[in-house]
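Input: a single structure, listed below in structure tokens.
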Amino acid sequence: MNGRKLMTAVALAVLSIGSAVAQDTAPVYGSQLMTQQERMEYRNQMRTLKTQEERNAFRLEHHKRMQERAKERGVTLPDAPPAAGNGMGPGGGRGMGDGPGMGGGMGRGRQ
């Protein structure tokens, strides 16, 4: 594997790990009304869901439960839950474009 391919492979691996970490740390709607255990269970459930539709349905149901809990406690939450895909999930972030990289210079650099 040449140097450029190796760097690309390493970058993809880091992005993949970063996506998993970001999903685990992305804000959970109503988290201030949840215990740490409930937040962990929410994230675990999100990881088990296979499709975006399943995740959206789960998110919507969770949103309703948190709205009810907020009302019971006299707390106000935003009306809309966070947009799906918050954080660095698939399709998130800037990607590996041609812009300045770690070197901070302008342009594409060496080819």
Side-chain angles (χ1 to χ4, degrees):
M1 190 178 284
N2 70 29
R4 189 170 184 90
K5 286 183 181 180
L6 178 60
M7 290 298 291
T8 300
V10 169
L12 290 173
V14 168
L15 286 173
S16 176
I17 292 168
S19 292
V21 169
Q23 274 187 331
D24 284 348
T25 60
V28 175
Y29 181 78
S31 63
Q32 64 271 38
L33 303 175
M34 300 168 69
T35 66
Q36 183 176 0
Q37 180 68 31
E38 287 174 318
R39 288 189 295 272
M40 285 180 6
E41 289 170 1
Y42 174 91
R43 289 186 175 112
N44 287 336
Q45 180 65 35
M46 286 296 282
R47 277 194 294 270
T48 65
L49 299 172
K50 302 292 183 213
T51 67
Q52 190 62 40
E53 291 77 22
E54 289 174 327
R55 288 186 289 277
N56 288 340
F58 179 72
R59 233 182 246 112
L60 183 60
E61 183 59 36
H62 172 76
H63 175 75
K64 290 176 186 176
R65 284 195 313 271
M66 290 301 104
Q67 285 288 329
E68 290 170 5
R69 188 177 289 188
K71 187 176 181 180
E72 291 169 0
R73 296 183 185 183
V75 176
T76 302
L77 290 175
D79 289 332
N86 259 358
M88 295 288 292
R94 291 180 55 187
M96 294 176 33
D98 289 340
M102 290 175 60
M106 298 293 287
R108 295 180 64 124
R110 293 186 297 197
Q111 296 294 314

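Given the structure is predicted, the values throughout are model-derived calculations rather than measurements.
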Taking the side chain as every heavy atom from C-beta outward, state whether L77 and L33 have any pair of such atoms under 4.5 Å apart. yes
For R43 versus V28, what's the shortest heavy-atom pair and its separation? NH2-CG2, 3.6 Å
Note, N56 side chain near E53 side chain (heavy atom, < 4.5 Å): no
Quick check: does any side chain N or O of E38 sit under 3.5 Å from a backbone N or O of T35, one acting as donor and the other as acceptor? yes
Just how far is it from atom CZ of R73 to atom CD of Q32, taken to the nearest 0.5 Å? 10.0 Å
Quick check against the 3.5 Å criterion: does Q67 have a side-chain atom that pairs as donor or acceptor with the backbone of P78? yes
Flag yes if more than 12 heavy atoms outside Q36 fall under 6.0 Å of its CD atom; otherwise flag no. no
Indicate the ring-plane relationship of H62 and Y29, choosing parallel, tilted or perpendicular according to the 30° and 60° boundaries. perpendicular
Backbone of T51 reached by a side-chain donor or acceptor of E54 within 3.5 Å: yes
Do the side chains of H63 and R59 get nearer than 4.5 Å, heavy atoms only? no
Checking Q45 against E41 for the side-chain hydrogen bond (donor to acceptor under 3.5 Å, both in side chains) test, could you report, in this order, the C-alpha distance in whole Å, the side-chain angles of both residues, the deciding distance, and whether it holds? CA-CA 6 Å; Q45 180 65 35; E41 289 170 1; over 6 Å; no
Hydrophobic clustering (ILVMFWY, side-chain heavy atoms < 4.5 Å, transitive) - are M40 and L49 grouped together? no
R69 to M34 - nearest heavy-atom pair and separation: NH1-CA, 3.8 Å
